[in-house]
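In what follows, a single structure is set out as structure tokens and then discussed.
Here is how names work: the chains are called A, B, and so on, in the same order as the sequence lines, proteins then strands, and each is numbered from 1.
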Amino acid sequence: MHHSQILHQLKQCIKLQFPIQGKKLHAHVIKSGLDLHGPFYPNTLINMYAKCGHLQDAVQLFDEMPERDLASWASILTAYNQANLPKHTLLLFSKMFSLHGFQPDHFILASLVKACASLAALRSGLQLHTQFIVSSFSDDDVVKSSLVDFYAKCGLPDKASSVFESIVSKNVVSWTSLIYGYAKMGRKSKVVELLHDMPCKNMHSWTAVISGFVQGGHCVDSFRLFNELRRDGVAIEEPFVLSSLIVGSASLAMLELGKQFHLLVIGLGYESSVYVSNALIDMYAKCSDISSAEKTFGSIKTRDIVSWTSIIVGMAQHGQAKEALSLYDEMTSAGLKPNEVTFTGLIYACSHVGLVEKGRNLFKSMVTDYGLKPSLQHYTCLADLYSRSGHLEEAENILKSMPFKPDEAAWASLLSSCSQGGKEKTGVRIANHLLQLGPQEPSTCILMSNIYARAAMWENVPKVRKLLANMETKKNPGYSCVDLGKENEIFYAGETTHPMKDEIFRLLKELDREMQKRGYVPNVSLVLHDMEQQEKERQLFWHSERVAVAYGLLKSAPGTCIRIIKNLRVCGDCHTVLKLICSIVSREIVVRDATRFHHFKDGACSCGDFW
DNA sequence: ATAGGGTTAG
């Protein structure tokens, strides 16, 4: 074989994603005595391995090269980008820069900007932009296009636009990057304008706009745009866009819509896309339909680490800790390596069933067996495990000795265990610390106030109340949304204007009488405002989750599960009430609150009363 | 020979 033929075939391997064939060509080059280190071969081979996902082979070739030119460096940087290791890309570059004093060319600059874009590393990207402007490649359109993408991903679409304007020949790639940036920031009129002005559109562009809307939390806009596409008869040639839409239905907990997207996936024949299936698992879990999540997981032919992690995390969040842990054993037996995300789910599972030893061992295993670096979230999760199981000292030690500064969430989780377990002294110490820190979350303030009230430190209660009052003016009001399949109904806390309010009131009154027979006493310590006892009870009575449950009981088919989505965390009193209601009416109630899921069934909750 | 856009889990 002539070497131009070999080069051609290597390119074919990249295009068709045939690493095995590529490896054969590599072997052929060595066996036939062709000069492996001659012109073109090593860089093309590195590129082939990189693009086919064989990072290790690319790195090995690179390390064995006697001479490296700028193209070799560009190829290996691409390999790290391709393997989704943008941090390595930047790290390797800084090494190359200090060791060899290289000036990056336009190829290398484009790879580096891409790495910054996927990390949303604003500072490094700005530095590269400066370096690019003063370099001799400063008119290169491809680097400019990657800078547009970088600014768009950093949430600065106007900066992206000014770079975009400087591009000499604008193409579908640069247009797509720009429009993604505006979609992500929810700048709808700008998106519409750009869609109109764009001379060239393809599936990439549509996917970019829709995923931009979803990633920026403008899910409804993404659904609307997709409807328009379908109306216009645009063919969905690839499944990419469906994953984004499924993520959108998950984040709004719109189960019916998610199911419709699932049907569309089947109809279009994209069931075999792992990306789509993984998004579906997560969607069903986030919409509280954990059994459909399991079914979807079961139907995947080749599961990857994201599939396993999604179902493990889903099970853990729904209180099925044992199942989550046994899925982990199955996963490792199948030869898959867990990553950071898997371990968050696993430790979370342990903390919900009080498996202290198991959690401790998993944390150790993550470091020693898999060489993973625990993040702040891992430490917080581990501390949570200790404090929930009554090991407050160990929990506090972790927060104090870990290589991160504990944030408000970390202290708040510890504080919540103090109020549950009657550890007053520790609680007061942590509350004082939080007071100095200046809490940002209303839920933290409520915990603090309760601790101070219980310790009779009345001088501190007004301080916390004042903080809370300042927050509540800017925070969203609490609401609960009950999912009745074809329709949803949303209730705000204290709302008394609903057309069915009399029926709802009657039902809640009736339930209240039955609850009191079973020993229920309203826990007013969780209501903070200054008011008389009766007024406090009335306020609790109209908490949005109760109203939503009552409405759900009135409107839904008998025996069905009632699903509630809430924007804040469930309050302690409502939690008690829902446990009672579910057994009084013999119905399952599932509440997705701001942080977790509560499955109320037979008088108990899947969260084990810790949240 | 080497560079730029859209998809999944905490």
Taking atom [atom2] of [N] as reference, at what distance in whole Å does atom [atom1] of [X] sit?
X      : N      : atom1 : atom2 : result
A/I167 : B/dA3  : CD1   : C1'   : 14 Å
A/I76  : B/dT2  : CD1   : P     : 15 Å
A/I311 : B/dT8  : CD1   : P     : 18 Å
A/D304 : B/dA9  : CG    : C1'   : 9 Å
A/I46  : B/dA1  : CD1   : P     : 16 Å
A/L242 : B/dT7  : CG    : P     : 13 Å
A/Y328 : B/dG10 : OH    : C1'   : 15 Å
A/H262 : B/dT8  : NE2   : C1'   : 14 Å

Among the nucleotides [options], which one has an atom lying closest to any side-chain atom of [X]?
X      : options              : answer
A/E340 : B/dG10, B/dT2, B/dG5 : B/dG10
A/S111 : B/dG5, B/dT8, B/dA3  : B/dA3
A/S205 : B/dA9, B/dG5, B/dG10 : B/dG5
A/T176 : B/dG10, B/dG5, B/dA9 : B/dG5
A/Q317 : B/dG10, B/dA3, B/dA1 : B/dG10
A/A74  : B/dG5, B/dT8, B/dT2  : B/dT2
A/A279 : B/dG10, B/dT8, B/dG5 : B/dT8
A/A71  : B/dT2, B/dG4, B/dG10 : B/dT2
A/V306 : B/dT7, B/dG4, B/dT8  : B/dT8
A/H204 : B/dA1, B/dG5, B/dG4  : B/dG5

What about A/D140, does its side chain sit under 3.5 Å from the base of B/dG4 through a donor-acceptor pair?
no
Distance-only donor-acceptor test (3.5 Å): side chain A/D141, base B/dG4
no
Donor on one side chain, acceptor on other, [X] and [Y], under 3.5 Å:
X      : Y      : result
A/D57  : A/H54  : yes
A/D149 : A/S146 : no
A/S310 : A/N278 : no
A/S326 : A/D329 : no

Under 4.0 Å from OP1 or OP2 of [N]: is there any side-chain N or O of [X] that close?
X      : N     : answer
A/K170 : B/dG4 : no
A/N47  : B/dA1 : no
A/K114 : B/dG5 : yes
A/T207 : B/dT7 : no

Indicate, with a heavy-atom threshold strictly under 4.0 Å, whether [X] touches base, sugar-phosphate, or nothing.
X      : result
A/K184 : nothing
A/D105 : nothing
A/K153 : sugar-phosphate
A/V148 : nothing
A/Q215 : sugar-phosphate
A/S145 : base
A/T78  : sugar-phosphate

Report the C-alpha separation of A/H262 and A/Y284 in whole Å, then their side-chain angles, then the decisive distance to 0.1 Å, and conclude whether the ring pair (Phe, Tyr, Trp, His ring centres under 6.0 Å) test is met.
CA-CA 10 Å; A/H262 193 171; A/Y284 282 120; 5.7 Å; yes
Are more than 12 heavy atoms from other residues, nucleotides or ligands located less than 6.0 Å from atom NZ of A/K201?
yes
By a 5.5 angstrom centroid cut-off and a 30 degree plane limit, is there stacking between A/F240 and B/dT7?
no
Cationic N near anionic O, under 4.0 Å, A/R187 to A/D158:
yes
